[in-house]
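So the structure is just underneath, and the comments pick up after that.
This one's a predicted model, so the numbers in the text were calculated from it and none came from an experiment. The figures that follow rest on heavy atoms only: side chains count, while hydrogens, waters and symmetry mates do not.
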Amino acid sequence: MNERTIMVDLAGIGLGPFNLSLAALADGVKGLSSAFFERRASVAWHAGLTFSDAVLQTSPLKDLVTPVCPTSPWSFLNYLVENGRFFDFMAARFDTVSRQEFSDYLAWAADGLGSTHLDAGVEEADFVDGQFRLRFANRPDCFCRAVAVGTGHEPMVPPSVTTGPDCFHASQYLAIKPNIAGRRIAVIGGGQSGAEIVLHLLQQDYDRSPASLSWFSRRDGFWTLQEGGLVDQFFTPDYLAAYRTMAPDLQARALASQKFASDGLTPSTADGIYRLLYQRRHLHGRHDVSLFPGREVVRVQSSGHGRTVVSETANGERETSQADLVILATGYRPAIPSCLDPLAERLALEPDGALALGDRYRALWDGPDANPIYGLNQGRRSYGVIDPQLSMAAWRSAVILNDFAGHRVYDLGETEERPMVAWQRQAGDTGWQPRMNGSVTSTDSQLTAWPAHGPSRRRPQSAALS
């Protein structure tokens, strides 16, 4: 170490909305020093898909801080006030907020926080002499007692697909700004990203319109989100506590049943697509758009004139479609940043490559308990359908900060009243009993016996799973 070395209690790798939430709430904790590092020179959320009419799928009150600390200066409401747009925003009577404005809010918070560092990619993270050491290409080392991994997921490209100028992931759409006029376009993926691109393509005027559009979905329909007060109960601490007590097979069943509570099309997007399809077919006499649900795209291959999309129906029939441009709205997958390679053999992993998490979002590793590694957006299996969603980001940050501080820094929304939905009952109770401390209910007992599809062989033999 030298005089330029940075020493903090908590360091974050990546500055997406989840680590940014942690940074914003850590900003209010006395005696806690922190630093959060982002490889990019600026913060932008889903920049490649920030269409002007794209909106959040959740309330803007579920921002970086408000669910646990509504008086924080880093709330979305304070962002509106400081930018002189609160009254205009209220007068607009938005049902929700645009992704463009929410992305601007995230950049505002990142610019204002003193603990955030942009253009500061962590090249290597190791554990040396009882502390973590983060190394950079362009700045001094950072030593810390705990690390929060918040680098997000990476675009998922099917292994059978070779990308190029005429075939790329949807996350790059607005950055690439492809020429679409008069071209045959294929969009692969029936989720919200695919739907937003399809809507954008259908909105183009005649001189900028594609010659044809094919939309493929592995799902058997173009399903919209399940919404409403009862569905939203899945996005609460009470449900998370119940989910954490389930056996792995029951967790898998719950995840499957709740898929469209978080991964469907917004009704406004679906309705917008259908209205444009109606106008195109019945008012303009155009029959150049094809929707293909229930198709598994098995291959995208180069042909003499563009690309050939080979898909398979549920009964095994093969179909082919021709396209000049293929857009892969095929989602994202968990990814552990390469800077953690020095710790790789000490970390337990889920089958999908995500960090295996125990209680309080601690990654399972063979290091000291006093030196936790926290995994953000790594726990869909262990923490359920809400883990990749904004809805519980602030609550998760509060859980992490309470754990790291060793005492209650933030309240976690406990109540002595009966919860809206009785997700669970204590064994032997004759009536409902409240959780007394608001902590995430322990599931370490279930982690002592991983199923056959448990963490990968890279799980350290010495790691304590209970």
Side-chain angles (χ1 to χ4, degrees), residues 9-10 12 15-34 36 45 56-82 96-97 102 105-106 108-110 112-116 146 148 150 232-244 357 359-362 372 374-379 383-417 419-421 423 434-441:
D9 298 314
L10 172 66
L15 205 55
F18 297 147
N19 250 354
L20 191 54
S21 169
L22 189 61
L25 286 173
D27 186 56
V29 180
K30 293 181 179 179
L32 173 66
S33 59
S34 62
F36 292 80
W45 188 49
L56 286 185
Q57 294 176 300
T58 188
S59 167
L61 291 179
K62 295 179 177 180
D63 58 12
L64 300 175
V65 294
T66 296
V68 296
C69 188
T71 58
S72 168
W74 306 112
S75 70
F76 179 75
L77 288 178
N78 195 46
Y79 156 81
L80 293 176
V81 171
E82 287 208 357
T96 183
V97 63
F102 202 79
Y105 157 64
L106 299 179
W108 167 83
L113 284 162
S115 61
T116 56
D232 283 352
Q233 292 301 304
F234 289 122
F235 301 89
T236 64
D238 288 308
Y239 177 73
L240 178 55
Y243 179 88
R244 290 281 289 157
L357 303 182
D359 278 351
R360 302 174 299 281
Y361 299 96
R362 286 176 172 241
Y374 296 105
L376 290 83
N377 200 6
Q378 295 279 336
Y383 282 84
V385 68
I386 67 174
D387 195 66
Q389 308 299 320
L390 282 173
S391 295
M392 293 281 283
W395 188 87
R396 170 175 51 201
S397 296
V399 169
I400 290 172
L401 290 170
N402 285 0
D403 176 65
F404 184 59
H407 60 87
R408 177 173 299 229
V409 177
Y410 290 106
D411 288 334
L412 300 176
E414 306 94 329
T415 176
E416 294 298 322
E417 300 175 0
M420 191 70 72
V421 178
W423 297 110
R435 284 198 326 280
M436 298 308 296
N437 59 11
S439 60
V440 178
T441 303

Between [X] and [Y], what is the shortest heavy-atom contact and its length?
X      : Y      : answer
Leu390 : Pro17  : CD2-CB, 3.9 Å
Ala23  : Thr116 : CB-CG2, 4.4 Å
Tyr410 : Val68  : CD2-O, 4.2 Å
Asp387 : Gln378 : OD2-N, 3.3 Å
Phe18  : Pro388 : CZ-O, 3.5 Å
Leu25  : Ala398 : CD1-N, 4.1 Å

Spacing of [atom1] belonging to [X] relative to [atom2] belonging to [Y], to within rounding of 0.5 Å:
X      : Y     : atom1 : atom2 : result
Ile400 : Leu22 : CD1   : CG    : 5.5 Å
Gln389 : Thr58 : CD    : OG1   : 8.0 Å
Leu113 : Asp27 : CG    : CG    : 5.5 Å

Hey, does [Y] have a side-chain heavy atom less than 4.5 Å from the side chain of [X]?
X     : Y      : answer
Glu82 : Pro73  : no
Leu10 : Phe404 : yes
Val65 : Phe76  : no

Begin from the C-alpha positions of Trp395 and Thr236 and carry the test side-chain contact (heavy atoms from CB on, under 4.5 Å) through to its verdict. CA-CA 9 Å; Trp395 188 87; Thr236 64; over 6 Å; no
Donor-acceptor check, side chain of [X] to backbone of [Y], threshold 3.5 angstrom: yes or no?
X      : Y      : value
Ser72  : Cys69  : no
Tyr105 : Trp74  : yes
Asp238 : Val421 : no
Tyr374 : Leu401 : no
Asn19  : Ala148 : yes
Asp9   : Ser34  : no
Thr66  : Asp63  : no
Ser391 : Phe235 : no
Ser397 : Ala393 : yes

What about the rings of Tyr361 and Tyr383, do their centers lie closer together than 6.0 Å?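 When the ring centroids of Tyr361 and Tyr383 are compared, they turn out to be within the sub-6.0 Å range.
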Is the Phe234-Trp423 ring centre distance short of 6.0 angstrom?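 So the answer is yes for these two rings.
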Full working for side-chain contact (heavy atoms from CB on, under 4.5 Å) between Asp403 and Asp359: CA-CA 10 Å; Asp403 176 65; Asp359 278 351; over 6 Å; no
side-chain contact (heavy atoms from CB on, under 4.5 Å) between Leu412 and Val399, intermediate numbers included: CA-CA 7 Å; Leu412 300 176; Val399 169; 4.0 Å; yes
Under the side-chain contact (heavy atoms from CB on, under 4.5 Å) rule, what do His407 and Asn402 come out as? Steps first, then yes or no, please. CA-CA 6 Å; His407 60 87; Asn402 285 0; over 6 Å; no
Does the distance from a Lys or Arg side-chain N to an Asp or Glu carboxylate O, for Arg408 and Asp411, drop under 4.0 Å?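 Here Arg408 pairs with Asp411 in a salt bridge, since their nearest N and O are under 4.0 Å apart.
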Would you kindly say whether Asn78 and Ser75 are connected by a side-chain donor-acceptor distance under 3.5 Å?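 Checked: Asn78/Ser75 side chains show no N/O donor-acceptor pair below 3.5 Å.
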Quick one: list whatever passes side-chain contact (heavy atoms from CB on, under 4.5 Å) with Ser59, sequence neighbours left out.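 Result, side-chain contact (heavy atoms from CB on, under 4.5 Å) vs Ser59: Leu61.
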